[in-house]
Number of protein chains: 2
Amino acid sequence: MKAPRDIPSDLLESLRSLGLTKYEALVYIGLLRVAGATATEIHEISGVPRASVYPALDRLAQKELVSVSHTTPKRFDAIPPAQGIENLMRRIEMDAESALAALDVFYREKDVEYRGNQELVWTIYGEENIKARLSDMFQSAERSVEVLASWSLLQGNVLALLKPIPQSVQVDIITDSWRGERPSRFRVSVHPLGALYEAHAPPGRGLRYENSGVFLVDDAKALVWMGSAGEQPSALYSESSGLVQFVRRYLASVAEWVAAASP
Amino acid sequence: MKAPRDIPSDLLESLRSLGLTKYEALVYIGLLRVAGATATEIHEISGVPRASVYPALDRLAQKELVSVSHTTPKRFDAIPPAQGIENLMRRIEMDAESALAALDVFYREKDVEYRGNQELVWTIYGEENIKARLSDMFQSAERSVEVLASWSLLQGNVLALLKPIPQSVQVDIITDSWRGERPSRFRVSVHPLGALYEAHAPPGRGLRYENSGVFLVDDAKALVWMGSAGEQPSALYSESSGLVQFVRRYLASVAEWVAAASP
DNA sequence: ACCTTGTTGTTTTTTTAGCAACAACATTTA
DNA sequence: TAAATGTTGTTGCTAAAAAAACAACAAGGT
């Protein structure tokens, strides 16, 4: 017989986000280990109270994760993980699709209600959301795009978004290093910016250098990317004169400083 | 101002399976409708108690579904549904991946513990699981494969699985109709089986004709596919002599009956 | 002086987890 | 074979956790 071996709690968390309860997860894991077990055996190996094993198994069967034998006592078997998780994901994806369809209906009725929208400063959470907003900004550019960003951020997230910008728009980039070929399309200025950032943010706190950047489009839309190392990144976005002014001056002064340091 | 319009509960269900609570879902939907609303406005449009709007918004921000403005009062905005749902799915898919990796570790340690496994009759739930099992059966075939199934089932689910069967295996198929070219690879026998099925199952109850089938491999492995129209299909599978004998006789008698009716 | 926002507790409800007891049947023991 | 014992599958009930709903209030704005 086997011990009710400890299950890493982040596995239980992952399975929960796939729609399983703790007991369902434990029972399924138990079944993966024994193959064709009875309810009592599952109880022993999983640590789930025997009486709770039955309802858990019922739900697992509904979710297409276990098969049931017609013997007495009943025996149960787990669908292999790859197939099982695929079964769960299929359901979730169907939910995602129908939810998306339904949500789009609401979204289309949206009241824009021009609330002096341009006066606001927004905080945007999550890399994808920030990239989406940046992409919108760049696509709306008519005259100028100014970028001040660490190379890692540029390389990983920004450069691809800059590509669709038309020739008629002047693109200035200031960064701390550049690997690979230097595109002639952009006006690139490379300079070690470490000192600059450290002057503004005390080490350890505040903006870490690695993944931050400042973006300005047509002197009218500004975005500040703040990547707190490891954690979820966030950004400030605004079309308000306040933040835009600040960013304009900041970029100007950095550009000046860089020009002075490397003629 | 807008009424706290009714939200279809299956939308809330779908969003719940994507990891949102009822309040989170209602707040998000509310935000989709107004664009840049204050907490109080969200409260009014969504029907969520005002005090509960704030924690819900916090969690939505963590989940990358809303942005926040830095005004007083704060204003909030929803990420568009397509992007938002993609953000949710990304997390879930990551969970699925890591869960799969962890589960596979357990799965590999599996005790086979030959429990006279071939004595059991298993119930398998879900189309994908049944197809996986059928595929295994067919791939293990060494001499014969016998199929009795409605055309819709054959066409939709089974035919593809029959392809990889080697030439050396004799494949017999009985079905009620056949559209498209008749493959010479298989010994196909087409006959309207309606009468047969109705004789066995009273109309309304029991096996519906449309999506059912019987499969036998090497006279040793049998699977009975039961498709209760619309609902989740299930199947019986066995290598036990009991069910196999039954299926053998059943198939034999049907084959005989068909042969007699259409010489 | 009054209203609104953002926040903090507290209560109620729902869901999940855990436990106790039992009838039906199967297995052993006398 | 009959009593004793054990196991399985259920049912119902209690406890804990999570979510929902409400009450109250300080801070600031009008």
Side-chain angles (χ1 to χ4, degrees), chain A residues 1 4 6-7 9 12-31 34 36-63 66 68-77 115-116 119-120 123, chain B residues 1 4 6-7 9 12-13 15-31 34 36-63 66 68-77 115-116 119-121 123:
Chain A
M1 193 155 305
D6 268 8
I7 306 298
S9 66
L12 296 181
E13 265 308 305
S14 295
L15 289 175
R16 157 132 76 219
S17 95
L18 298 180
L20 301 192
T21 67
K22 190 179 170 185
Y23 280 179
E24 288 165 6
L26 289 174
V27 165
Y28 181 63
I29 295 172
L31 262 181
V34 285
T38 67
T40 303
E41 289 168 340
I42 296 170
H43 151 67
E44 285 164 349
I45 202 179
S46 68
V48 173
R50 197 177 60 87
S52 303
V53 166
Y54 294 95
L57 281 167
D58 287 347
R59 294 186 305 249
L60 285 173
Q62 284 314 306
K63 289 174 178 156
V66 308
V68 185
S69 86
H70 283 176
T71 50
T72 51
K74 286 182 186 171
R75 290 187 174 275
F76 302 86
D77 204 356
R115 207 188 296 277
E119 292 308 318
L120 306 180
T123 303
Chain B
M1 194 155 304
D6 268 9
I7 306 299
S9 66
L12 296 180
E13 266 308 306
L15 288 175
R16 155 130 78 220
S17 96
L18 298 180
L20 300 193
T21 68
K22 192 177 171 188
Y23 279 0
E24 287 165 7
L26 289 174
V27 165
Y28 181 63
I29 295 171
L31 263 181
V34 284
T38 66
T40 303
E41 289 168 341
I42 297 171
H43 152 66
E44 284 164 349
I45 204 180
S46 68
V48 173
R50 198 178 57 88
S52 303
V53 166
Y54 294 95
L57 281 167
D58 287 346
R59 293 184 308 248
L60 285 173
Q62 285 312 306
K63 287 172 179 158
V66 308
V68 186
S69 85
H70 282 176
T71 51
T72 50
K74 287 182 186 171
R75 289 186 175 276
F76 302 87
D77 204 356
R115 210 187 294 279
E119 292 309 318
L120 307 180
V121 178
T123 302

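Chain identifiers are assigned alphabetically (A, B, ...) following the order of the sequence lines, protein sequences preceding nucleic acid strands; residue numbering begins at 1 within each chain.
- For B:Lys22, counting side-chain heavy atoms from C-beta on, the closest listed nucleotide (D:dA21, C:dG18, C:dT7) is D:dA21.
- Listed nucleotides D:dA21, C:dC19, C:dT5 differ in distance to B:Ser52; the shortest reach to its side chain belongs to D:dA21.
- At the heavy-atom level, A:Thr72 lies nowhere under 4.0 Å from the strands shown.
- Going from atom CD of A:Glu13 over to atom P of C:dT16 covers 14 Å, rounded to whole Å.
- We find that CZ of B:Arg50 is positioned 14 Å from P of D:dC25, with the value rounded to whole Å.
- Residue A:Thr40 places at least one side-chain N or O under 4.0 Å from the OP1 or OP2 atom of D:dT8.
- In this structure, the NE2 atom of B:His43 is 14 Å from the C1' atom of D:dA20, given to the nearest Å.
- Counting only distance, with no hydrogens or angles, the side chain of A:Lys63 and the backbone of A:Gly19 share a donor-acceptor pair below 3.5 Å.
- Mapped onto DNA chain C by nearest heavy atom, B:Asp58 and A:Glu24 fall at different nucleotides, with B:Asp58 at the one closer to the 5' end.
- Comparing D:dC22, D:dT11, C:dG6 against the side chain of B:Lys74 picks out C:dG6 as the nearest.
- Going from atom CG of B:Leu26 over to atom C1' of D:dA20 covers 11 Å, rounded to whole Å.
- The distance between atom CZ of B:Arg59 and atom P of D:dA20, rounded to the nearest whole Å, is 7 Å.
- In terms of phosphate contacts, B:Tyr54 brings a side-chain nitrogen or oxygen within less than 4.0 Å of OP1 or OP2 of C:dG6.
- Looking at heavy atoms from C-beta onward, A:Thr40 lies out of side-chain contact with A:Val53 at the 4.5 angstrom threshold.
- Heavy-atom distances to DNA chain C give each of B:Ala39 and A:Val48 a nearest nucleotide, and the one nearer the 5′ end belongs to B:Ala39.
- Across all strands shown, A:Thr21 has heavy atoms under 4.0 Å from sugar-phosphate atoms exclusively, and none from any base.
- Within the 4.5 Å cutoff, the side chain of B:Thr38 has heavy atoms near those of the B:Glu41 side chain.
- Summarising the geometry, the separation between CZ on A:Arg75 and P on D:dT8 is reported as 9 Å, rounded to the nearest angstrom.
- In this structure, the CG atom of A:Leu12 is 15 Å from the P atom of C:dT16, given to the nearest Å.
- Residue-environment remark: CZ (A:Arg59) exceeds the threshold of 12 foreign heavy atoms within 6.0 Å.
- Put simply, the side chain of A:Val68 does not reach to within 4.5 Å of the side chain of A:Leu57, judged on heavy atoms.
- Atom NE2 of A:His70 is separated from atom C1' of D:dT8 by 16 Å (rounded to the nearest Å).
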